Number of protein chains: 2
Amino acid sequence: MESKAKKMKMTPQRAAIIKYLEGNTSHPSAEDIFESVRKKYPMISFTTVYNTLQTLKDRDRVWELNIDDERKRYDPNVKLHHHLICTRCKNIVDIFMDFQLDVPEEEAQGYMISGRHVEFYGLCPKCGKTKNRG
Amino acid sequence: MESKAKKMKMTPQRAAIIKYLEGNTSHPSAEDIFESVRKKYPMISFTTVYNTLQTLKDRDRVWELNIDDERKRYDPNVKLHHHLICTRCKNIVDIFMDFQLDVPEEEAQGYMISGRHVEFYGLCPKCGKTKNRG
DNA sequence: ACTTTAATATGTAATGATTTCAATATAACA
DNA sequence: TGTTATATTGAAATCATTACATATTAAAGT
């Protein structure tokens with residue numbers, strides 16, 4: 001059984017992926033990670049990227065975001081925060097605000113709520129300026 | 001150019017899809033819609049389901065949700081509300097609460113925010129009871 | 001009712017992200 | 001240094017969704 005504490009075997013590929021993610025606020029996709037790590041490890045495979053992401057997810061070291069409708073995005077910051085995505089270019093930024101998000105019993109319909117995430121949609125400064133082109 | 005007001009041609013297939021969606025709070029996937037409508041219209045194609053959903057989206061008559069990491073889900077209720085998903089069985093229920101979700105200028109980083117959506121994660125009553133099986 | 005026409009339905013093929021699989025390689029630890 | 005469980009790789013498979021070409025039809029006007 002997987003657990004957060006379980007040690008993970010370190011490999012150069014994993015180290016490179018972890019290093020790329022460390023402090024990264026760009027919310028990269030698997031492909032972004034692959035392309036970046038590939039510069040240093042040309043032989044790395046997509047499967048390794050996905051495997052490593054799964055391993056990190058299992059250990060709560062990375063957060064898989066579904067906010068982008070085209071692909072999954074990954075966030076190494078697993079502390080509670082929220083996101084704002086540009087609906088045009090899909091750029092994502094962090095929102096560190098502590099919203100009051102309590103759901104009254106009767107609204108929760110018997111669910112045991114364990115997580116909450118606010119998604120904001122809008123246009124980034126760049127896309128906001130070029131609304132009518134592209 | 002598409003617009004919310006633009007009339008859409010009505011066909012039996014579309015009528016069936018719309019009827020299925022009307023008042024539907026199950027947040028169906030495209031496949032759910034396809035399987036349901038197929039009972040009455042065995043010849044309907046998946047493409048028609050997706051085309052119709054696109055048409056309805058363009059007219060803001062349906063909301064495409066990315067909350068389920070496996071597939072897109074559709075909600076005919078386009079009035080602002082939020083969602084709670086069971087992380088095990090992916091059942092989704094509506095949360096009608098008016099949270100205060102204002103983002104201060106400096107947090108918005110120049111984005112023009114146009115939408116907001118709170119996603120809650122948890123276990124539904126049924127899955128909560130069977131945590132350790134399956 | 002009949003025509004016209006743009007919009008829609010269909011089936012099939014293509015796409016793109018993600019997963020599976022079998023064979024090979026290697027980190028960790030005795 | 002040898003053993004072994006775990007990771008890496010590349011190729012193929014899967015699954016949701018989209019694109020495309022052809023046939024059909026709703027809608028609007030005659």
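Computed from a prediction, not measured in an experiment: that's the story for all the values here. Letters A, B, ... mirror the listed sequences (proteins, then strands); counts begin at 1. Only heavy atoms go into these numbers, but all of them, side chains included; no hydrogens, no water, no symmetry mates.
Annotation: salt bridge (Lys or Arg N to Asp or Glu O under 4.0 Å) contacts of B:Arg73 (sequence neighbours excluded): B:Asp68. Residues forming a ring pair (Phe, Tyr, Trp, His ring centres under 6.0 Å) with A:Tyr50 (at least two apart in sequence, or on another chain): A:Phe46. Evaluation of the side-chain hydrogen bond (donor to acceptor under 3.5 Å, both in side chains) rule for A:Thr87 yields no partner, not counting sequence neighbours. For B:Asp75, the side-chain contact (heavy atoms from CB on, under 4.5 Å) partners two or more places apart in sequence, or in a different chain, are B:His27, B:Trp63, B:Leu65, B:Asn77, B:His81, B:His83, B:Asp94. With sequence neighbours left out, A:Asp69 forms a side-chain contact (heavy atoms from CB on, under 4.5 Å) with A:Lys90, B:Glu64, B:Asn66, B:Lys72. Applying the side-chain hydrogen bond (donor to acceptor under 3.5 Å, both in side chains) rule to A:Ser45 yields the partners A:Thr48; only residues at least two apart in sequence or on another chain are considered.
B:Leu80 belongs to no multi-residue hydrophobic cluster, having no ILVMFWY side-chain contact under 4.5 Å with any other such residue.
Contact between B:Arg116 and A:Tyr121 at its shortest, heavy atoms only, is N-CD1, 4.1 Å. The two residues B:Ser114 and A:Gly122 come nearest to each other via the heavy atoms OG-CA, 3.7 Å.
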Contacts table for residues 99-111 of chain B: side-chain donor-acceptor under 3.5 angstrom, sequence neighbours left out:
{"residue": "B:Glu107", "atom": "OE1", "partner": "A:Phe96", "partner atom": "N", "Å": "3.2"}
{"residue": "B:Glu107", "atom": "OE2", "partner": "A:Phe96", "partner atom": "N", "Å": "3.3"}
{"residue": "B:Tyr111", "atom": "OH", "partner": "A:Asn91", "partner atom": "ND2", "Å": "3.1"}

Would you mind writing out the side-chain donor-acceptor pairs for residues 30-38 of chain B within the sub-3.5 Å range, not counting sequence neighbours?
{"residue": "B:Asp32", "atom": "OD2", "partner": "B:Ser29", "partner atom": "N", "Å": "2.9"}
{"residue": "B:Asp32", "atom": "OD2", "partner": "B:Ser29", "partner atom": "OG", "Å": "3.1"}
{"residue": "B:Glu35", "atom": "OE1", "partner": "B:Arg38", "partner atom": "NH2", "Å": "3.1"}
{"residue": "B:Glu35", "atom": "OE2", "partner": "B:Arg38", "partner atom": "NH2", "Å": "3.3"}

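Counting to the nearest Å, the C1' atom of C:dA27 and the NZ atom of A:Lys9 are 5 Å from each other. Atoms CE (A:Met10) and C1' (C:dA25) sit 17 Å apart, rounded to a whole Å. Rounded to an integer number of Å, the gap from NZ of B:Lys7 to P of C:dA6 is 17 Å. In this structure, CE of B:Met8 is placed 14 Å from P of D:dA28, rounded to the nearest angstrom. One atom, CG of A:Asp68, and another, C1' of C:dA17, lie 12 Å apart when rounded to the nearest Å.
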Under a 4.0 Å heavy-atom criterion, the protein footprint on nucleotides 8-18 of chain D, written with B, S and -, is BBBB----SBB
Check: protein-nucleotides 2-5 of chain C nitrogen or oxygen pairs below 3.5 Å:
none

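Rounded to 10°, the angle separating the first-five-pair axis and the last-five-pair axis of the helix from C:dA1-D:dT30 to C:dA30-D:dT1 equals 40°.
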